[in-house]
Amino acid sequence: MSAVPKSTFEASEFRWVESGNPAGPAMVLVHGYMAHSMAYRRVADALGAQHRLLIVDLPAHGRDESYRRADVQPTIESLARWMGQFRDVVLGDEPAHWLGHSLGANLAYRVASADPKHCLSLTMVSAGVRVPAQPLVARALKRLPAGLATLGANRLGLALYQPLNWRGTAMTRAEEEEYLAPLRSKRRMEFILQLGARIVDGRHTDIEPLDVPTLVIWGEHDHILPLEDAWWLGERLSADVHVIEGSGHAPMEDTPTEFVRIIADWQARTGG
């Protein structure tokens, strides 16, 4: 297999929110599919007390425009290369804590496995590394016209979608608008639909042990990914596993106080 040529990005091509303690160690927060940096709005202040946060928008999500590049494709492998470029260009040799949710946990794992010496710790939240194969869904996503899909980017569509991902406090009207705005772009939606088709095509990420302190967090009532995957992942990575009672697929949305407490206690205990 021929090597994939290394792309060259400029820092200006990435979109991320930077906040928190500028004197603290860097912590990169990576959101999941069809989300963006606002996914961490309920935990950013608390996590930022001890860390310099970099909350990134993945290709075609949020404010990102790099998805327009020919070398950024709607595949997990392409997004993993993109994530590595973000690390190289924005962080350079600076080590960082990596925290990812769902698809973002998959990407954070790939960054950590590719460059463990610059990874202070890895936190995988509701990790999308063994997504069940859904061939009918994959086929539907490939065929669904993006223009039609954008029609669902409204409050009614979000009201149907939210219960699958959030069990806690519903979004405010302003938060709903911030979440939906990127999804009204036909070109973005084309990328997102094709990416979704690849996510549910049944190909799993090969998980190998890492020499990196690793924490796995899962919601007790995750309706997207089975809870058994938390224990499987913990065994594969010799990771600490925490299941949050009452939480769904997005613990940082559902139970933000408990989410932050688990991470803070774990870091204090392990140095992760």
Side-chain angles (χ1 to χ4, degrees), residues 17 19-20 27-51 53-58 61-62 97-109 112 121-132 158 161-172 175-176 178-179 199 205 207 213-237 239-270 272:
V17 176
S19 64
M27 174 180 275
V28 182
L29 307 182
V30 191
H31 63 78
Y33 179 66
M34 287 188 72
H36 54 90
S37 55
M38 71 171 288
Y40 293 101
R41 68 197 180 284
R42 293 179 177 160
V43 296
D45 287 348
L47 290 176
Q50 301 296 327
H51 304 90
L53 301 183
L54 295 88
I55 314 175
V56 65
D57 282 337
L58 292 174
H61 294 70
H97 299 279
W98 285 80
L99 185 156
H101 171 247
S102 198
L103 168 63
N106 188 322
L107 300 177
Y109 166 81
S121 74
L122 172 65
T123 299
M124 303 178 73
V125 184
S126 307
V129 294
R130 292 204 306 180
V131 179
L158 187 59
Y161 177 68
Q162 277 201 77
L164 293 175
N165 289 276
W166 302 280
R167 293 173 60 89
T169 305
M171 290 185 185
T172 65
E175 288 172 340
E176 288 179 343
E178 183 181 356
Y179 177 85
I199 290 174
T205 299
I207 298 296
T214 303
L215 171 65
V216 174
I217 298 177
W218 223 272
E220 176 189 20
H221 300 295
D222 192 325
H223 293 96
I224 306 297
L225 297 170
L227 180 56
E228 65 187 43
D229 279 8
W231 306 110
W232 173 83
L233 194 57
E235 183 176 353
R236 291 289 297 168
L237 295 177
D240 289 326
V241 178
H242 285 263
V243 176
I244 301 182
E245 294 183 2
S247 180
H249 183 61
M252 66 282 189
E253 297 266 5
D254 294 342
T255 52
T257 301
E258 180 69 2
F259 181 83
V260 171
R261 185 196 65 77
I262 288 171
I263 294 171
D265 288 353
W266 176 74
Q267 287 189 336
R269 187 176 72 254
T270 65

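FYI, the numbering just counts along the sequence from 1.
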Answer yes or no: is there a side-chain heavy-atom contact under 4.5 Å between [X] and [Y]?
X	Y	value
Thr205	Ile207	yes
Leu58	Val30	yes
Ile263	Val43	no
Met34	Tyr179	yes
Leu53	Tyr40	no
Pro251	Val125	yes
Ile217	Ile244	yes
Trp266	Thr123	yes

Check for a donor-acceptor pair, side chain of Glu220 on one end and backbone N or O of Gly246 on the other, with a separation under 3.5 Å.
-> yes
Expected output: side-chain His101 to main-chain His249 donor-acceptor under 3.5 Å | yes
Got a sec, which residues hit side-chain contact (heavy atoms from CB on, under 4.5 Å) with Thr257, two or more places apart in sequence or on another chain?
-> none
For the residue pair [X] and [Y], what are the closest heavy atoms and their distance?
X	Y	result
Glu175	Met38	O-CE, 3.5 Å
Ser37	Val17	OG-CG2, 3.8 Å
His31	Ala39	CB-CB, 4.2 Å
Val216	Ala239	CG2-CB, 3.9 Å
Leu227	Gly219	CD1-O, 4.1 Å
Leu225	Ala127	CD1-O, 3.4 Å

Return each pair, listed once, that meets salt bridge (Lys or Arg N to Asp or Glu O under 4.0 Å) where at least one residue sits in residues 239-251; pairs must be two or more places apart or across chains.
-> Asp240-Arg269
To the closest 0.5 Å, what do you measure between [atom1] ([X]) and [atom2] ([Y])?
X	Y	atom1	atom2	answer
Arg42	Leu47	CZ	CG	14.5 Å
His97	Leu29	NE2	CG	11.0 Å
Leu237	Thr214	CG	OG1	5.5 Å
Thr172	Arg41	OG1	CZ	7.5 Å
Met252	Ser247	CE	OG	9.0 Å
Ser126	Ile224	OG	CD1	9.5 Å

Partners passing salt bridge (Lys or Arg N to Asp or Glu O under 4.0 Å) against Asp265 (at least two apart in sequence or in another chain) = Arg261
Evaluate the criterion side-chain contact (heavy atoms from CB on, under 4.5 Å) for residue pair Tyr33 and Asn106; output intermediate values, then yes/no.
-> CA-CA 11 Å; Tyr33 179 66; Asn106 188 322; over 6 Å; no
Check the pair Asp229, Asp222 against side-chain contact (heavy atoms from CB on, under 4.5 Å), reporting the backbone distance first and the verdict last.
-> CA-CA 11 Å; Asp229 279 8; Asp222 192 325; over 6 Å; no
Can you list the steps and then say if Met124 with Val129 is a side-chain contact (heavy atoms from CB on, under 4.5 Å)?
-> CA-CA 10 Å; Met124 303 178 73; Val129 294; 4.1 Å; yes
Test side-chain contact (heavy atoms from CB on, under 4.5 Å) on Trp218 and Val241 and set out the steps.
-> CA-CA 8 Å; Trp218 223 272; Val241 178; 5.8 Å; no
